[in-house]
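Everything below concerns the one structure shown next.
Just the heavy atoms: all of them, side chains too, but no hydrogens, waters or symmetry mates, feed the values below. Note that this is a predicted model, so its numbers are computed, not measured.
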Amino acid sequence: MTAADTSVRPTAAANWRALGTSVRLVTTDPALLDSCNLLLARQLAEVDAACSRFREDSELVALDRADGRPVRVSPLLAEALAVALRAAAATDGAVDPTVGSAMNAIGYDRDFRLVQEEGRPVKLTVRPVPGWRLIRLDRATGTVTVPAGVRLDLGATAKAWAADKAAVTLARVAGCGVLVSLGGDTAVAGEPPAGGWRIRVQDVTGPVDETPPQGPYATVGLRGGGLATSGTTARAWRSGPHTLHHILDPDTGLPADSPWRTVSVAAATCADANAASTAALIKGTGAERWLSGLGLPARLVARDGTVVTTPGWPTTGTPQFSPPPPLPIPVPDSGAPPPNPRSSNAGGAEYFAARADISARPAFEDKGGSGGAAPRDGKGKGGGGEESPAADTTEAAP
């Protein structure tokens, strides 16, 4: 074991899989890694039991079988649904949890690895999704009403929300800096390492300790909030003559035909960042203006590799900044939708008012392509493989 440089806070990391994706936990106190990892595993198991659409015994699947009747749900699923509905309101409906049937229709009806392996042919039909405003969430009674025939999919929000929830909980319990990355959706909490957490964004998922074998990348420092990258290439599969991906346009029920291959966004929370990056892919050519109007630092990579950034995305020498407190859109009980017509970003401006604490790393690299995520085997939505701030001086937990 090499002695750690006392000028740099040591970190320790654990990598495994849950929720059908990669999990990376990093703590600034190596001695606390194992206990934090046990708590993280328990939290993610609870999220899976509540939110999975691939488990026959999950609460979410039980809603599919309710045939339009109100169902009492756990506080955990109610919170996950509230996050999904707020994201729908903030993105003008671009991120919509009622895409479950559309996901099944394009063949994404089981674990992604099985989808890739089988690649069975599907018939593509344009059919708008039912719409998030049909969902009734009553927080007072703890009940949810989903119209008969409507299937929910929380994949666009649940993992990022789970990363936020876990990072905050672990940092509070352990009293140290914590990074949680679920399939590349990255949330940080507590006191960060010196210089911040090093986050690499790229097109192709890969190990955090290896340079990407293909495609350019960029490395930034994150001191607070969250970072996510959504993409149309990493979680893609062949189905007959078609190449499909998991980012669906609610207006068509089909994979979005986006001019962007990846979009990276930093925000006050990972859930915010993930909602904005996913919505940007669906909004297409208007995404840069939409993100700029919301004051979100973002990096958009076009199909030809051209990189566009919005104000606030760090470049060499950019100073760090601290995020103001978040201002989420509340979702009224009984499912009454927040006022946010799908033609403006008025609601989104409030929802995304807070920003991440992000800066360029001293060794910032940007070679003209990228977005995406490490670590390997992410869900393809990418964004934020963690790199140790000083890997050569980091000690493992004794």
Working note: R299 + V263, criterion side-chain contact (heavy atoms from CB on, under 4.5 Å); need CA distance, chi angles, decisive distance, verdict.
CA-CA 6 Å; R299 182 173 185 269; V263 178; over 6 Å; no
Could you give me the CA-CA distance, side-chain angles and deciding distance for V23 and V180, then say whether side-chain contact (heavy atoms from CB on, under 4.5 Å) is met?
CA-CA 7 Å; V23 178; V180 176; 5.5 Å; no
side-chain contact (heavy atoms from CB on, under 4.5 Å) between T219 and I199, intermediate numbers included:
CA-CA 6 Å; T219 304; I199 310 293; over 6 Å; no
Determine, stepwise, if the pair T306 / D304 fulfils side-chain hydrogen bond (donor to acceptor under 3.5 Å, both in side chains).
CA-CA 6 Å; T306 301; D304 64 1; 2.8 Å; yes
For salt bridge (Lys or Arg N to Asp or Glu O under 4.0 Å), just list the numbers for D48 and R17, CA-CA rounded to whole Å, side-chain angles, deciding distance to a tenth of an Å, and then say yes or no.
CA-CA 12 Å; D48 190 52; R17 290 188 65 83; over 6 Å; no
Would E191 and T28 count as a side-chain contact (heavy atoms from CB on, under 4.5 Å) if you check the C-alpha gap in whole Å, the side-chain angles of each, and the deciding distance to 0.1 Å?
CA-CA 8 Å; E191 184 66 23; T28 57; 5.8 Å; no
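Side-chain atoms of T262 do not come within 3.5 Å of backbone N or O of G231 as any donor-acceptor pair. For the pair R261 (side chain) and S258 (backbone), a donor-acceptor distance under 3.5 Å is absent. With hydrogens and angles disregarded, a donor-acceptor distance shorter than 3.5 Å links the side chain of T310 to the backbone of L296.
Using a 4.5 Å cut-off between side-chain heavy atoms of Ile, Leu, Val, Met, Phe, Trp and Tyr, with links allowed through other members, L19 and L170 fall into the same hydrophobic cluster. W197 and V168 fall into different hydrophobic clusters, where Ile, Leu, Val, Met, Phe, Trp and Tyr are joined by side-chain heavy atoms under 4.5 Å apart, directly or via other members. Hydrophobic clustering, with ILVMFWY side chains joined whenever heavy atoms are under 4.5 angstrom apart, keeps V61 apart from V99. Note on W16: it clusters hydrophobically with V178, by side-chain heavy-atom contacts below 4.5 Å among ILVMFWY residues. Transitive grouping of hydrophobic side chains (ILVMFWY, heavy atoms separated by less than 4.5 Å) keeps V95 and I135 in distinct clusters.
Using a 3.5 Å distance cut-off with no hydrogens or angles, the side chains of S52 and S58 do not pair a donor with an acceptor. Judged by distance alone, the side chains of W161 and N274 never bring a donor and an acceptor atom under 3.5 Å apart. With no hydrogens or angles considered, no side-chain donor-acceptor pair links D29 and T27 at under 3.5 Å.
Using a cut-off of 4.0 Å between Lys/Arg side-chain N and Asp/Glu carboxylate O, R53 and D153 are scored as salt-bridged.
Here OG1 of T278 is found 12.5 Å from CG of D96. Values are rounded to the nearest 0.5 Å. If you take CZ on R172 and OG1 on T169, they are separated by 5.0 Å, rounding to the nearest 0.5 Å. Atom OG1 of residue T145 and atom CG of residue L63 lie 9.0 Å apart, to the nearest 0.5 angstrom. Put simply, CG on L222 and CZ on R198 are 13.5 Å apart, with the number rounded to the nearest 0.5 Å. To the nearest 0.5 angstrom, K159 atom NZ is 10.0 Å from L44 atom CG. Rounded to the nearest 0.5 Å, atoms CD (Q43) and CG (L38) are 12.0 Å apart.
Within the 4.5 Å cutoff, the side chain of W132 has no heavy atoms near those of the P250 side chain. Between T91 and I282 there is no side-chain heavy-atom pair separated by less than 4.5 Å. Contact annotation: the side chain of L154 approaches that of L60 to within less than 4.5 Å [non-hydrogen atoms, C-beta and beyond]. At least one side-chain heavy atom of L227 sits under 4.5 Å from a side-chain heavy atom of V201. A heavy-atom distance below 4.5 Å is not found between the side chains of P311 and P297. V144 is listed as a side-chain neighbour of L81, based on a closest heavy-atom distance under 4.5 Å. Put simply, the side chain of R151 does not reach to within 4.5 Å of the side chain of T98, judged on heavy atoms. Contact of the V265 side chain with the L291 side chain is registered, since non-hydrogen atoms from C-beta on lie closer than 4.5 Å.
Each salt bridge (charged side-chain N to carboxylate O under 4.0 Å, His left out) pair with one or both residues in residues 161-170, not counting sequence neighbours, appears once here: E79-K165.
D92 and W290 get closest at one heavy-atom pair: OD2-NE1, 3.8 Å. Taking every heavy atom of both residues into account, D185 and A163 meet most closely at O-CB, 3.9 Å. A pairwise comparison of heavy atoms in L152 and D64 identifies N-OD1, 3.9 Å as the closest pair. Shortest non-hydrogen contact noted between V173 and L39 is CG2-CD2, 4.5 Å. Closest of all the heavy-atom pairs between G196 and R223 is N-NH1, 3.3 Å. Nearest heavy atom pair, residue A287 against residue W260, reads CB-NE1, 3.7 Å.
Annotation: side chain to side chain contact (heavy atoms under 4.5 Å, CB included) contacts of P259 (sequence neighbours excluded): T285.
Residue-environment remark: CZ (R42) stays at or below the threshold of 12 foreign heavy atoms within 6.0 Å.
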